[in-house]
Amino acid sequence: MPNSEPAGYDPQSVERKWQRRWDERGTNRTDLAGATRPYFNLMMFPYPSAEGLHVGNVFAFVGADIHGRFRRLAGSDVFEPLGFDAFGIHSENFALKVGTHPAELIPRNIERFRAQLKRIGLMADWRYEVQTTDPRYYKWTQWIFLQLYRAGLAVKRRAAVNWCPACKTVLANEQVIGGFCERHPDVRVEQRMLDQWFFTISRYAQRLLDHLETADWSHSTRTIQANWIGRSEGAELVFATPAGKRITVFTTRADTVFGATYLVLAPEHPLVADLTTAEQRSDVQTYRRKVSAMDLVSRKVGEKAKTGVFTGSYARNPATGAAVPVWIADYVLMEYGTGAIMAVPGHDERDFEFAATMRLPCVRVVAGPAQDASTPLAAAEPDIPDGRLVNSPGFDGMPWREAGRAITAKLAEAGLATPVVNFRLHDWCISRQRYWGPPIPIIYCDGCGTVPVPEKDLPVVLPALEDFRPDDSGVSPLARLESWYRVPCPQCGKMGRRETDVSDTFLDSAWYFLRYPSADRDDLAFEPGLTRRWLPVSSYIGGNEHAVLHLMYARFITMALHDLGLVPFEEPFRRFRAHGTIIKDGAKMSKSRGNVVNPDAYVERWGADTFRMYLMFLGPYQEGGDFRDAGINGIRRFLDKVWTLVDGVAVGPQTPSPNPQDPALVRLMHRTIQRVTEDTESLSYNTAIAAMMEYVNALRDGVAVGSLLSPLAILLAPYAPHFAEECWERLGGKGSVMDAAWPRFDPALAVAEQVELVVQVNGKVRSRLPMPRGATEATVVNAALADPAVQRFTAGTAPRKVVFVPDRLVNLVV
RNA sequence: GCCCGGGUGGCGAAAUGGCAAACGCAGGGGACUUAAAAUCCCCAGGGGGCGACCCCGUGCGGGUUCGAGUCCCGCCCCGGGCACCA
């Protein structure tokens, strides 16, 4: 006789048991070479911080894991690898802070992370783990650099970089928060001119933008990226000086050229020296010095009063022929367009403000239907819908869009205009004057110049360096290690010097997905056969905080590799979904705010399965939300109910089972399978869980039999994998539930037999009628008219109009 | 300023133009218990009515429709992205 007191659900022992079994049986291993229906389920690999995983990480990984498990149960050969993004300034800064060398710190953190990730029950195939800090990995990061270098996509040039005077080092863009240093929130970041390596991603701007239109990506992610690429269509116009200098400006509003009453050049503009007259020289030089000493924040704030200096020169407005003064001002930026603008104070707020300060003339050139040609008292909106030109001889009365094209065409005949497209996307600066990264594989030789390290000499191993602190010299700490950087030139054999900069962490992560399937190969970066089979990535799930940097760089590197014939696809990710952000008390979790929630205690107390489901039940996966733990017991109660049901079946037929399968329960089962399938597919995990809860609540009122429970065990498997395994086993299932087939539903059974039809009178609900599915309009209307509750509102008159929605509602209009 | 999301009970939320609030948390009442916990049953947007029932209700104001949380127009607020970008 079975024990009369069934053992309750004990998550800890269930989870220990199944994790051990998965290891023993190799449940989570994927046969990469033999897979016939490959599905690459990718999630953003973590940076192994010292604090360990936080709840946000778990939320992200669990959601991706559910997707992978679902695809596997639905019949795919799912590959779900994980790795660690352990190079970079975050790790290095933390190492500096605690005074431990990153080479010692990082492996410890990784170990801790791996243990936590295993504990939450991810279906990861750990045989293919990658670590960006492993020479076997970064050998190929360096190799990719070399491929781009050979293709002319990696170039070295002088550029302004972020410099933190407190850290005494260059910072990556992502270390600069609102113009301040991440580690020194009260220290403003300066600009310094240094020789830097760039990837010329800007050449790919149009392609990167074009592919976004059709990409199967979260809408939000696509919008963010398109914004960042920042395409703007316009024209370059030429303003010539009497001395024969041609000043080219970029404008998106060529139609307003008749209102261009002066020019402004960025203070750094190369023509400034030539244009400056003797009497203006000292003013111009003073101003340029002042601007170059300024930090990025104070230069780029819009609210600041306009300043600038006249160069003393004039240039000819190509449309009006008038001589307009040429100024320099810091509100014009050298990095965008041509570094020079035509100022149209009548229709641009900034230009208006500047003109007002400097007492420069202002003209209206676009006006509404009233064709008001008066001088504006403030910058007038230039893109009013039916705006037409005024004060523009030859073009007056023309709609502004059309006028823009016409004016550009006319000026183009005289060689004074070219239609151009500008992008906000700048080239990617990849060099870092830091220690903790892959050395850039370049050797400088007095005779041969810049020489790439031969591929056979890769990797250029990052040398052990006890004191890796950055200094004030503007070069990497590696420049202190002469024994390392002094090497013979690979071409001529004479003594040369290694590049001492390392590459940006974002390069490490721009290609890791290519590496996973080939992670066990030392002879190549990515094996062509495996790459063709497993890539592009089938599904990528990650946070929108990487919408521009990581996701853009990964797309660029893939495109570049494609153009070099190294991969057969242009886009790395077939499908991308952004998960929401988990916040705490209304703010992003961060150590400095002290609101980081550690998942360990929850996993300890409730078990991984309950915690997984709870996080997914919190709200829509793609929206995220505020973390709170109120309600986690609701999930536990749900699992306990399932446990009890399974136990009732598993304990055996104490009462003879006449197999009393309630047809309504069978129908509900089909309906539940349908809902869970569709909702899991679309990442609507919260509603999938709700559907399972409804099903379980109904089962408890009926008679639970194995045939109603086994499908539930499979539906649960993506969400609560250990628990589902245990149920599956107790219900007599063979092997792992993960090798079962996702249950199918019969659409004919997935609907109820009886429906409750709503009866409205004049759009207000007045009654509900139980009806068999498929009842005809005539039947329903007759029944409705016979209903006393309806009769009170129809007042005995025949309806003027009847709206009938089969199986849902009838609306009687009287 | 421009570009995306979003705004629904006490709370998290759900709802192909068709019963607003499914599912869950917290709460109230009851059963079981010596008691508590656990479990089970019932109630639960606001207002009115003894009651059957009725009225109101998805940020605000209009509109389309037999019917609007959902579509359209104009606002307000919150979150995110871009930003002296010409």
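In summary, the side chains of A/Tyr9 and A/Thr644 do not present any donor paired with an acceptor at a separation below 3.5 Å, with no hydrogens or angles considered. Using a 3.5 Å distance cut-off with no hydrogens or angles, the side chains of A/Ser218 and A/Ser220 do not pair a donor with an acceptor. A side-chain donor from one of A/Tyr287 and A/Thr307 sits under 3.5 Å from a side-chain acceptor of the other. The closest side-chain donor-acceptor pair between A/Ser232 and A/Asn422, if any, does not fall under 3.5 angstrom.
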Please list, for nucleotides 64-66 of chain B, all pairs of protein and nucleotide N/O atoms separated by less than 3.5 Å.
from   : atom 1 : to       : atom 2 : distance (Å)
B/rC66 : OP1    : A/Lys801 : NZ     : 3.4
B/rC66 : O2'    : A/Asn811 : ND2    : 3.4
B/rC66 : O2     : A/Asn811 : ND2    : 2.4

Are there any protein N/O atoms within less than 3.5 Å of an N/O atom in nucleotides 39-43 of chain B, and if so, which ones and at what distance?
from   : atom 1 : to       : atom 2 : distance (Å)
B/rC40 : OP1    : A/Arg700 : NH1    : 3.2
B/rC40 : OP1    : A/Arg700 : NH2    : 2.5

N/O to N/O distances under 3.5 Å, protein versus nucleotides 45-56 of chain B:
from   : atom 1 : to       : atom 2 : distance (Å)
B/rC53 : O3'    : A/Arg792 : NH2    : 3.4
B/rC55 : OP1    : A/Arg766 : NH2    : 3.3
B/rC55 : OP2    : A/Arg766 : NH1    : 3.2
B/rC56 : OP2    : A/Lys764 : NZ     : 2.9

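Annotated as anti: B/rG80, whose glycosidic dihedral deviates from 0 by more than 90°.
Across the protein-nucleic acid pair, A/Arg808 atom CZ and B/rU16 atom C1' stand 8 Å apart, rounded to whole Å. Residue A/Leu716 contributes atom CG, which lies 18 Å from atom P of B/rC23 at whole-angstrom precision. When the C1' atom of B/rA26 is taken as reference, atom OH of A/Tyr614 falls 12 Å away, rounded to whole Å. Residue A/Ile689 contributes atom CD1, which lies 12 Å from atom P of B/rA14 at whole-angstrom precision. Note: CG (A/Leu769) to P (B/rG18) measures 20 Å, nearest angstrom. Across the protein-nucleic acid pair, A/Asp679 atom CG and B/rU16 atom P stand 10 Å apart, rounded to whole Å. One interatomic measurement links the two molecules: NE2 of A/His426 to P of B/rC85, which rounds to 12 Å at whole-angstrom precision. Distance A/Phe250 CZ to B/rC85 C1': 9 Å, rounded to the nearest Å.
For the P atoms, the distance from B/rC55 to B/rC40 is 38 Å, rounded to whole Å. The separation of B/rU8 from B/rA22, taken at their C1' atoms, amounts to 13 Å, rounded to a whole angstrom. On the C1' atoms, B/rC72 is 25 Å away from B/rG1, given to the nearest whole Å. Using atom P as the reference point in both B/rC50 and B/rU64, the two lie 40 Å apart (nearest Å). The same atom, C1', is picked in B/rA13 and in B/rC23; the two are 8 Å apart, to the nearest Å. A gap of 7 Å separates the C1' atoms of B/rG59 and B/rC76, to the nearest Å. To the nearest whole angstrom, the two P atoms, one in B/rG6 and one in B/rA31, are 48 Å apart. Taking atom P in both B/rG9 and B/rG67, the straight-line distance is 26 Å, to the nearest Å.
Taking the side chain of A/Val805 as heavy atoms from C-beta on, and the options B/rC23, B/rG18, B/rC82, the nearest nucleotide is B/rG18. The side chain of A/Leu809 approaches B/rG18 more closely than any other nucleotide in the set B/rC23, B/rC85, B/rG18. Nearest nucleotide to the A/Arg628 side chain, out of B/rG12, B/rA13, B/rA86: B/rG12.
Because its NZ or CZ atom is both nearer than 6.0 Å to the ring centre of A/Trp217 and within 45° of the ring axis, A/Arg555 counts as a cation-pi partner of that residue. In this structure, A/Arg424 fails the cation-pi test against A/Trp228, since its NZ or CZ atom is not both closer than 6.0 Å to the six-membered ring centre and inside 45 degrees of the ring normal. Remark: A/Lys306 is positioned above the aromatic ring of A/Tyr331, its terminal NZ or CZ atom under 6.0 angstrom from the ring centre and at most 45 degrees off the axis.
Salt bridge A/Glu694/A/Arg675: present, at least one basic N to carboxylate O contact under 4.0 Å. A/Asp787 has no carboxylate O lying under 4.0 Å from a charged side-chain N of A/Arg792, or vice versa, which leaves the two without a salt bridge.
Taking the six-membered ring where the residue is Trp, A/Phe611 and A/Phe627 present perpendicular rings, their angle passing 60° and hence far from 30°. Relative orientation of the A/His579 and A/Tyr621 rings is tilted, given thresholds of 30° and 60° on the angle between their planes.
Under the 3.5 Å distance criterion, the side-chain polar atoms of A/Thr311 are matched with a main-chain donor or acceptor of A/Val326. Judged by distance alone, the side chain of A/Asn633 and the main-chain N or O of A/Arg636 form no donor-acceptor pair under 3.5 Å. Counting only distance, with no hydrogens or angles, the side chain of A/Thr672 and the backbone of A/Tyr695 share no donor-acceptor pair below 3.5 Å.
In terms of phosphate contacts, A/Asn686 brings a side-chain nitrogen or oxygen within less than 4.0 Å of OP1 or OP2 of B/rA14. At the phosphate of B/rG24, neither OP1 nor OP2 sits under 4.0 Å from any side-chain N or O atom of A/Asn633.
Legend: residues meeting salt bridge (Lys or Arg N to Asp or Glu O under 4.0 Å) with A/Glu756, ordered by chain and number and at least two apart, are absent.
One distance of note links CG of A/Leu639 with CZ of A/Arg637; it measures 12.0 Å at 0.5 Å rounding. Taken to the nearest 0.5 Å, the NE2 atom of A/His546 stands 5.0 Å off from the CZ atom of A/Phe506.
Listed by residue number, A/His219, A/Thr223, A/Ile224, A/Asn227, A/Trp228, A/Ser232 are the residues of residues 219-234 of chain A with a heavy-atom contact under 4.0 Å to RNA chain B.
Residues A/Leu712 and A/Val696 meet the side-chain proximity criterion, which asks for heavy atoms closer than 4.5 Å.
Looking at which nucleotide of RNA chain B each of A/Gly634 and A/Asp626 is closest to, the 5′-most match is held by A/Asp626.
RNA chain B forms stems at B:1-7 with B:76-82, B:10-12 with B:23-25, B:27-31 with B:39-43, B:45-48 with B:53-56, B:59-63 with B:71-75, each a run of 3 or more consecutive Watson-Crick or G-U wobble pairs whose two key distances fall under 3.5 Å.
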